[in-house]
Amino acid sequence: MPQIVADDLAKAFRVAERSPGMLGALRGLVSRTHKVVDALAGVSFEISAGELVGYIGPNGAGKSTTIKILAGILVPDRGRVEVAGRVPWRERVAHVARIGVVFGQRTQLWWDLPVVESLDMLRHIYKVPAADFAKQRTELVELLDLGPLLDTPVRQLSLGQRMRADLAASLIHAPEILFLDEPTIGLDAVSKLAVRAFVKRLNRERGVTVILTTHDMDDIEALCERVIVIGGGKILSDGSLAELRKRVTRERWLTVDVEDGAEVSDPDATVLRREGNRVCLAFDPDVVAPAELIRRVTSAHAIRDLFVENPPIESIIARLYQS
Amino acid sequence: MRDAFALYIRYIAIATRAQLQYRAAFVLKVIGYLIATGVEFLGLWALFARFGSLDGWKLPEAALIYGVADVGFGLSDGLGRGLDRFSGLLKAGQFDRMLLRPRSTVLQLLGFDFRLLTIGRLLQGTAVLVWASRFVAWSPASIALLAESFACTCCLFIGIAVLQATSAFWTIESLEVWSAFTHGGNYASQYPMDIYARWFRAFFTALLPLALTSYTPACAILGRAPLDAWHALAPLAGPLFLAASLFIWRIGVRRHASTGS
Amino acid sequence: MNGYLAIVAARFRTLLQYRTAALAGLFTQLFFGFVRIAIFSAFYAASPSSQPMSLPEVVSYIWLGQATLLLVPWRIDEDVLQQIGDGSVVYELARPLDLYTVWFARSIAWRTAPVMLRMLPMFVIAMFVLPHDWALMPPSAAAFAAWLPCFAGAVLVSAALSSLMNVTLMWTLAGQGVPIIIGSLATVFGGLTIPLALFPAWSQPVLYAMPFAGMLDLPSRIFTGNLPPHDALYVIAHQLVWTLVLVAFGRWLLARGVRRIVVQGG
């Protein structure tokens, strides 16, 4: 019995168009034109309780629209949705009492208040019994290392600290499902690791269903066994990460900063781009192991810096389109 | 219901603390609002100084009308600030967060902000009332009527603020219209309603029942009219107006959920 | 000069986009105008004795007040507040342009565009659409000719006042209370609550000494003919004196403020 069911979701938006310049502004006084944008064009999936699902796609693909529909704040034009047996937008209050949502770029905490008071406010908003709240709070504070931050006003927190506080805030009422919308965006490396570790623990130890939208493939690698790819309002892929990889590309990228202006190349790698002293090579780790390629390049040239990464999500999606 | 009220008090406490953090700025602004609202009474006083009387109304009576109007409006001005800021919230996407909480959106909006500065208007309104009340024969009934008038006028203006917030679902831009009805309405109700033309009075009785929440009880308090059932019940037009506004608000929220604007 | 025109043009363009907001503002002012006229009509009807201003003059005066309402500096320049708040104002100081003049030019742009956009439809409606008893009386040719330079002078006083308020922000960000105070003083002492001429006789000398009289009240009286056209010379002199005083004070305060910021390490 799946916990979340989405069946043939469709949603279109009307967007007003504006002409530039003085003439356009005057014309705008008289008439306005609109164009229709299809955000979702038939999206279907099922998610069982306790899954940790990555929901990825390029900008404008329909991720936020899907999340809003599942959260109950947007009504689809067509299709069926059931979350924990409820239709989200029909039973808003009952539904949102059982879910948690974290938006990466917007905090739900009160700007001028110390973190602990924000959490307390949320307790009253969600009507959490005192004993439950005490237990939840202690656990969350420990897991997210919020102890030293509790008395700090939110406006004084760094981005990483704020995200940890937001995670705690979203879980005060012990929801069964957690939606994370770009939770690691803009965070430093240490904070990203902390967030990932926490989400993993939350899912493994408490069985909270997590749906994660992100642009960061490292998030996906670290957390998700299942990945749903959405592009242009349609599901392009739904399965394990390994399957996705295999289906699309095994490629990895090596970027090096050379000391001299040398021509860096390798028989097993393709040069993707060259910008001044920086060269980016694409290679297949099955053909040449990353360590081997690095060894070759560093022994042939004087290298100042290098890093290995996955191709960005956009290039993977682009390939999905092509295939 | 009691739980919602308790939550609202908590919201007010937060907003108050946040505003009091900037002590100097706050005091200066309160003085500013005291002056800004006080000059309205200055205008009324100057008119009476020049003309002596108005259509059978003397200054102390007019002052009571003014005080009743301003205290009622001042209460709503302070409590309804969150609604004023709704269009900004909507643009910034913060309304979504309110929809994600298992509480009434209006309650959350009212709690979102609380304009402590309204103390400026309340102080001058109360001062005028205190001065005017020397000329009034008070009784428990008329005091109760006064309190009822404050509450009902407050409801009415909050209802207008709710309509203003609702209009933001359709167009972010037309909000200044509503300030015509709030500030303009308050201004009109600072003077005795019977000096206005009939169509004007009709507007403020049937459409925006300020005459019923503010003027009618004031007349009864002054003894110009009997303190009968009509005068006691008329102010309830305020809460009725609020109820109607909340109904329209819900329509707006539903539309927002459909269009995602 | 081109730069200044560009700022004004940009402002016009931005304001034109918000057509509903413009209509809404117009509606609000019409509403307020009606309420005010109703109140004054009641007072005048109750008292037959003659007054320094006749009721038709008061009606016209009220509409003029509404039309030029946006000259009142209720709001501080948000950009300037931001600049002072995060300290980037020091970059402005490093530029070869004189900071006060830049702020003054901005204030003029900020006043002119909205005022004109509001004035035009208000004039048209108040003069030609409203019934006689409620209408703005068209001025005589002489009165109108006399009014134009007075309006320009009013813009200058308004800009000087705004610039001064911007400068006070350097002293205290808490100075957000200052515009409210100035705005309400300008409203009552500019004759927007009741015409200055109707205030008690003993207060007139004080009222007419203030800059607000020159900004709002006096030009309106020229327009309605309550003051003869040749009095425009007096009005303009009044405005220029106050502009110079406010500018001088503003510049002096700015210099002190700059020194203060520089000393504090920005």
Side-chain angles (χ1 to χ4, degrees), chain A residues 11-16 32 37 39-40 64-65 67-77 88-103 105-114 117-118 120-128 153 155 166 169-170 172-173 175 179 181, chain B residues 1-22 25-26 82 85 89-114 116 169-173 250-261:
Chain A
K11 184 72 193 168
F13 293 112
R14 284 179 81 214
V15 179
R32 289 260 172 87
V37 175
L40 296 179
S64 311
T65 309
I67 299 297
K68 284 188 184 173
I69 291 177
L70 291 176
I73 61 184
L74 195 59
V75 179
D77 297 334
W89 61 90
R90 291 235 183 90
E91 299 173 66
R92 180 183 77 84
V93 172
H95 170 70
V96 301
R98 305 308 314 145
I99 67 171
V101 184
V102 178
F103 293 111
Q105 281 157 325
R106 281 179 264 149
T107 180
Q108 73 155 316
L109 304 165
W110 279 261
W111 204 240
D112 290 313
L113 289 186
E117 291 189 32
S118 275
D120 201 51
M121 226 9 228
L122 286 168
R123 168 197 151 204
H124 288 106
I125 290 178
Y126 281 95
K127 302 191 204 180
V128 181
R155 66 169 185 270
D166 260 306
S170 70
I172 281 295
H173 56 294
F179 294 95
D181 193 22
Chain B
M1 193 63 198
R2 222 185 61 207
D3 164 73
F5 187 69
L7 183 61
Y8 185 48
I9 299 292
R10 260 178 233 278
Y11 273 125
I12 293 185
I14 294 182
T16 308
R17 251 182 301 156
Q19 282 168 57
L20 286 178
Q21 271 180 7
Y22 308 98
F26 178 71
R85 293 177 61 189
L89 278 186
L90 196 60
K91 239 193 245 181
Q94 283 178 277
F95 185 55
D96 282 347
R97 180 48 70 181
M98 291 188 176
L99 289 168
L100 288 170
R101 296 201 175 132
R103 292 296 194 143
S104 146
T105 46
V106 174
L107 174 62
Q108 291 185 66
L109 271 175
L110 284 174
F112 180 72
D113 201 352
F114 168 68
L116 201 54
F169 285 127
W170 277 269
T171 160
I172 299 264
E173 301 160 7
R250 269 176 235 129
I251 296 179
V253 175
R254 244 174 289 153
R255 181 188 184 273
H256 171 79
S258 299
T259 60
S261 56

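Proteins get letters first, then strands, A, B, ... in listed order; numbering begins at 1 in each.
A donor-acceptor pair under 3.5 Å is absent between the side-chain atoms of B/Arg101 and the main chain of A/Ile125, judged by distance alone.
Around the CZ atom of A/Arg90, the shell of radius 6.0 Å holds no more than 12 heavy atoms that belong to other residues, nucleotides or ligands.
Heavy-atom distances place no part of B/Phe95 under 4.5 Å from chain A, backbone and side chain included. Looking at A/Ile73, both its backbone and its side chain come within 4.5 Å of chain B, counting heavy atoms on both sides. With a 4.5 angstrom heavy-atom cutoff, A/Ile69 does not touch chain B via any of its atoms. For B/Ala6, no part sits under 4.5 Å from any heavy atom of chain A, backbone or side chain. Residue A/Trp110 touches chain B through its side chain alone, counting heavy-atom pairs closer than 4.5 Å. Contact of B/Arg254 with chain A is not made at all, since no heavy-atom distance falls under 4.5 Å.
Note that CZ of A/Arg92 is 8.5 Å distant from CG of B/Leu100, once rounded to the nearest 0.5 Å. Taken to the nearest 0.5 Å, the CG atom of B/Leu20 stands 11.5 Å off from the CG atom of A/Asp112. Distance CG/B/Leu99 to NZ/A/Lys68: 10.0 Å, rounded to 0.5 Å. For the atom pair CD of B/Gln94 and CZ of A/Arg106, the computed distance is 8.0 Å after rounding to the nearest 0.5 Å.
When all heavy atoms of A/Met121 and B/Ile14 are compared, the closest pair comes out as CG-CD1, 3.3 Å. For the residue pair A/Val102 and B/Arg97, the shortest heavy atom distance occurs at CA-NH2, 4.2 Å.
The shortest side-chain heavy-atom distance between A/Glu117 and B/Arg10 does not fall under the 4.5 Å cut-off.
Contacts with chain A were tallied for B/Gly111, B/Ala4, B/Gly93; B/Gly93 has the most, counting heavy-atom pairs under 4.5 Å. Contact tally against chain B (heavy-atom pairs below 4.5 Å) for A/Arg14, A/Arg98, A/Lys127, A/His95: the top residue is A/Lys127.
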